[in-house]
Amino acid sequence: MQYQGITALMTLVSHFAFILLAFRGFQALRFDRYVNQEKQDHFKVVLVLVSVAIGFLCSSFFLSVIENIKNLGYLIK
């Protein structure tokens, strides 16, 4: 049971960390300069949604690689 709790905590932390990294990365690119002033609110929503999508995908990839590396031990046994 404790293993599942640790895995769940690691998954949540990883998802939020990668979403934050994606959001900060998109903010650093300064795409808001190319959007009209009237559409800034819509752009912010799109920026958050794209950050969530890319952060989740990167986090899932990272966690999958860790899980596969861990399972390589079963190949040797």
Side-chain angles (χ1 to χ4, degrees):
M1 283 303 240
Q2 188 174 3
Y3 172 76
Q4 290 175 344
I6 292 172
T7 303
L9 180 64
M10 188 174 83
T11 301
L12 284 173
V13 168
S14 174
H15 286 336
F16 283 120
F18 276 97
I19 289 170
L20 181 66
L21 282 172
F23 184 71
R24 297 282 178 146
F26 281 125
Q27 280 184 330
L29 292 175
R30 299 282 308 194
F31 286 129
D32 57 342
R33 292 185 288 188
Y34 305 112
V35 178
N36 293 341
Q37 198 67 18
E38 302 87 36
K39 297 184 180 183
Q40 285 290 323
D41 292 336
H42 297 300
F43 175 73
K44 290 178 185 177
V45 172
V46 169
L47 182 67
V48 168
L49 291 176
V50 170
S51 297
V52 168
I54 291 183
F56 178 79
L57 285 173
C58 291
S59 175
S60 296
F61 173 76
F62 176 72
L63 293 171
S64 177
V65 167
I66 290 175
E67 186 71 25
N68 287 328
I69 289 172
K70 186 177 73 173
N71 288 336
L72 281 177
Y74 294 120
L75 185 64
I76 296 171
K77 289 182 181 179

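Atom CZ of Phe31 sits about 9.0 Å away from atom CG of Leu47, to the nearest 0.5 Å. In this structure, CG in Leu29 is found 9.5 Å from OH in Tyr34, a value given to the nearest 0.5 Å. Between the CG atom in Leu75 and the CG atom in Asn68 there is a gap of 11.5 Å [rounded to 0.5 Å]. Between the NE2 atom in His15 and the SG atom in Cys58 there is a gap of 11.5 Å [rounded to 0.5 Å].
Under a hydrophobic-cluster definition in which Ile, Leu, Val, Met, Phe, Trp and Tyr are linked whenever side-chain heavy atoms come within less than 4.5 Å, directly or via other members, Ile54 and Val46 are assigned to the same cluster. No continuous path of hydrophobic side-chain contacts links Leu63 to Val13 [ILVMFWY only; heavy atoms under 4.5 Å]. Connection of Val65 to Met10 is not established within any shared hydrophobic cluster, with ILVMFWY side chains joined at heavy-atom distances below 4.5 Å, either directly or through further cluster members.
With hydrogens and angles disregarded, a donor-acceptor distance shorter than 3.5 Å links the side chain of Ser60 to the backbone of Phe56. Counting only distance, with no hydrogens or angles, the side chain of Thr7 and the backbone of Tyr3 share a donor-acceptor pair below 3.5 Å.
Counting only heavy atoms from C-beta outward, the side chains of Asp41 and Val45 never approach each other to under 4.5 Å. A 4.5 Å side-chain heavy-atom check between Phe43 and Asp32 finds at least one atom pair inside the cut-off.
In this view, Arg24 and Leu20, Gln27 satisfy the side chain to side chain contact (heavy atoms under 4.5 Å, CB included) rule, not counting sequence neighbours. For Phe62, the side chain to side chain contact (heavy atoms under 4.5 Å, CB included) partners at least two apart in sequence or on another chain are Ser14, Phe18, Ile66.
Val35 and Gln40 get closest at one heavy-atom pair: O-NE2, 3.2 Å.
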